[in-house]
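Just so it is clear, the values below take in all heavy atoms, side chains as well, and ignore hydrogens, waters and symmetry mates. First the proteins, then the strands, lettered A, B, ... as listed; each starts at 1. A quick note: this is a predicted structure, and the numbers were derived from the prediction, not measured.
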Amino acid sequence: MPELPEVETVRRGLAPALEGRRILRAHTRRADLRFPFPDRMAERLSGARVNRLGRRAKYLAADLDTGETLIMHLGMSGRFTLGGEGLASFVHGAGGDPRHDHVLLEIEGGTTVTFNDPRRFGFFQLWPSAGVDTYPAFAALGPEPLANDFSGAALAEAFQGRRTPVKTALLDQRVVAGLGNIYVCEALHRAGISPRRQAASIGTARSERLAEAVRAVIREAIEAGGSSISDFAAADGGLGYFQHRFEVYGREGEACRGCGGAIRRIVQSGRSSFYCGTCQR
DNA sequence: AAGAAGCCCTGATAGC
DNA sequence: TGCTATCAGGGCTTCT
């Protein structure tokens, strides 16, 4: 379940293999993932040079010298694996069942990039680089948690008048971009805020605490190389280790490290929320 | 019109 | 042991 820190980890793994290099040839092994691939995607990628590999929220964006940007989303189970000269050891074991290798990029210099995605929730899109901000999914995104325009004040404004639980509001990518279920649960615990609390009831003090908690948990998770649970591994096959620092996620019934009480699990908007009813109000 | 539910998909796991 | 049911969830669509 790649959220922002996992996608950033993948970006850092792929960037050295892609940036400044040409995609000699691209291959797709099926017609679609979550959505159909763009028209003639393989042809449009073949021969293109990658200027820069960026990230926005949970999306990777490869700026190409053809004037197009390749936008990639890992969905739930998507992973990229590097292979080739000097990287052969990563080909086996890191990429998963080859039946789910859906996209293959041959990079100049002998490196290959394979996209494997069993659940096929991932997707690829091509969009003009000049107007990449107008890509609909990008246009709707809120601030990056580590950017200057994300703050307690920004959160408070986004929460204004919203009757939905703060947990649900934080998952809304228009409020803040890149958070998923894991880091929302962890950030709320750090901030001492109940996931059940109505967003509109989050005042100034809580907004500031929450914004700082979001920043801290995202920063620490990136430093740890993301969280490896079930589906996630970095592009080099390495595993992140932030999952060992979860205070609440996946810990139903276990003791809260703050107060010793049992971590609870509830379902909100069809998703599990883990929290401590004592530490989080 | 905001909010919630349904949908897509497969693999891991729980339960019988 | 081997089957079936359940769960995981990002983002889009549909319903209320």
Exercise for the section: Classify the side-chain pair A:Arg281/A:Ser194 by whether it contains a donor and acceptor separated by less than 3.5 Å. Expected result: no
Exercise for the section: Let me know the distance between CG of A:Asp172 and C1' of B:dA2, rounded to the nearest Å. Expected result: 11 Å
Completion exercise
Per atom distances to the A:His73 side chain, the nearest of C:dG10, B:dA4, C:dC12 is C:dG10
Exercise for the section: Choose from C:dG10, B:dT10, C:dG11 the nucleotide whose nearest atom is closest to any side-chain atom of A:Gln173. Expected result: C:dG11
Exercise for the section: Using five pairs at either end of the helix from B:dA2-C:dT16 to B:dC16-C:dG2, determine the angle between the two local helix axes and round it to 10 degrees. Expected result: 60°
Fill in the blank from the handout: Ranking B:dG3, B:dT10, B:dC8 by distance to the side chain of A:Arg162, first place goes to B:dG3
Handout entry: Spacing between A:Asp97 atom CG and B:dC9 atom C1', to the nearest angstrom
Key = 14 Å
Practice task
Using atom CZ of A:Phe138 as one end and atom P of C:dC12 as the other, report the distance to the nearest whole Å.
Solution key: 11 Å
Exercise for the section: Begin with the C-alpha distance, continue with both residues' side-chain angles, and end with the deciding distance and a verdict on side-chain hydrogen bond (donor to acceptor under 3.5 Å, both in side chains) for A:Thr168 and A:Gln268. Expected result: CA-CA 7 Å; A:Thr168 307; A:Gln268 297 178 288; 5.2 Å; no
Exercise for the section: Take A:Arg34 and A:Gly161, find for each the nucleotide of DNA chain B with the closest heavy atom, and name the residue whose nucleotide sits nearer the 5' end. Expected result: A:Gly161
Exercise for the section: For B:dG3, take OP1 and OP2 only and decide whether either is under 4.0 Å from a side-chain N or O of A:Ser269. Expected result: no
Practice task
Applying side chain to side chain donor-acceptor pair (under 3.5 Å), name anything that partners A:Glu8, two or more places apart in sequence or on another chain.
Solution key: A:Arg11, A:Arg12, A:Arg55
Practice task
Return no unless some side-chain N or O of A:Arg120 is found under 4.0 Å from OP1 or OP2 of B:dT10.
Solution key: yes
Exercise for the section: Measure from the side chain of A:Tyr249, starting at C-beta and using heavy atoms only, and say which of B:dA4, C:dC12, C:dA8 lies closest. Expected result: C:dA8
Completion exercise
Smallest heavy-atom separation, A:Val184 atom then A:Lys167 atom, equals CG1-CD, 3.5 Å
Practice task
Report yes if a side-chain nitrogen or oxygen of A:Tyr183 is closer than 4.0 Å to either non-bridging phosphate oxygen (OP1 or OP2) of C:dG9; otherwise report no.
Solution key: no
Exercise for the section: Tell me which nucleotide among B:dG3, B:dC8, B:dT10 gets nearest to the side chain of A:His100. Expected result: B:dT10
Handout entry: Selected nucleotide, minimal atom distance to A:Arg119 side chain, candidates B:dA4, C:dG9, B:dG11
Key = C:dG9
Exercise for the section: Go through C:dC12, C:dA8, C:dG10 for me and flag the one nearest to the A:Arg265 side chain. Expected result: C:dA8
Practice task
Not counting sequence neighbours, which residues clear side chain to side chain donor-acceptor pair (under 3.5 Å) with A:Arg163? List them please.
Solution key: none
Exercise for the section: Quickly work out the A:Phe35 CZ to C:dG10 P distance and round it to whole Å. Expected result: 14 Å
Practice task
List the steps and the verdict of side-chain hydrogen bond (donor to acceptor under 3.5 Å, both in side chains) for A:Ser46 and A:Arg25.
Solution key: CA-CA 4 Å; A:Ser46 297; A:Arg25 198 165 166 78; 4.9 Å; no
Practice task
Round to the nearest Å and state the distance from A:Arg99 atom CZ to B:dC9 atom P.
Solution key: 15 Å
Problem - Rounded distance (Å) that lies between atom P of B:dC9 and atom CG of A:Asn116 - result: 17 Å
Handout entry: Distance-only donor-acceptor check, side chains A:Glu106 and A:His27, under 3.5 Å
Key = yes
Handout entry: Per A:Arg163 side chain, nearest of listed nucleotides B:dG3, B:dA4, B:dG11
Key = B:dG3
Handout entry: Rounded distance (Å) that lies between atom P of C:dG10 and atom CZ of A:Arg55
Key = 15 Å
Practice task
Kindly state whether the pair A:Phe121 / C:dG11 counts as stacked, where counting means centroids closer than 5.5 Å and planes tilted less than 30° apart.
Solution key: no
Practice task
Check whether any side-chain nitrogen or oxygen of A:Ser272 sits under 4.0 Å from OP1 or OP2 of C:dA8, and answer yes or no.
Solution key: yes
Practice task
Given ring-ring contact (aromatic ring centres under 6.0 Å, His included), test A:Phe246 with A:Phe274 step by step and report yes or no.
Solution key: CA-CA 11 Å; A:Phe246 291 169; A:Phe274 299 90; 9.5 Å; no
Completion exercise
Rounded to whole Å, the CZ-P distance (A:Phe123 to C:dG10) equals 12 Å
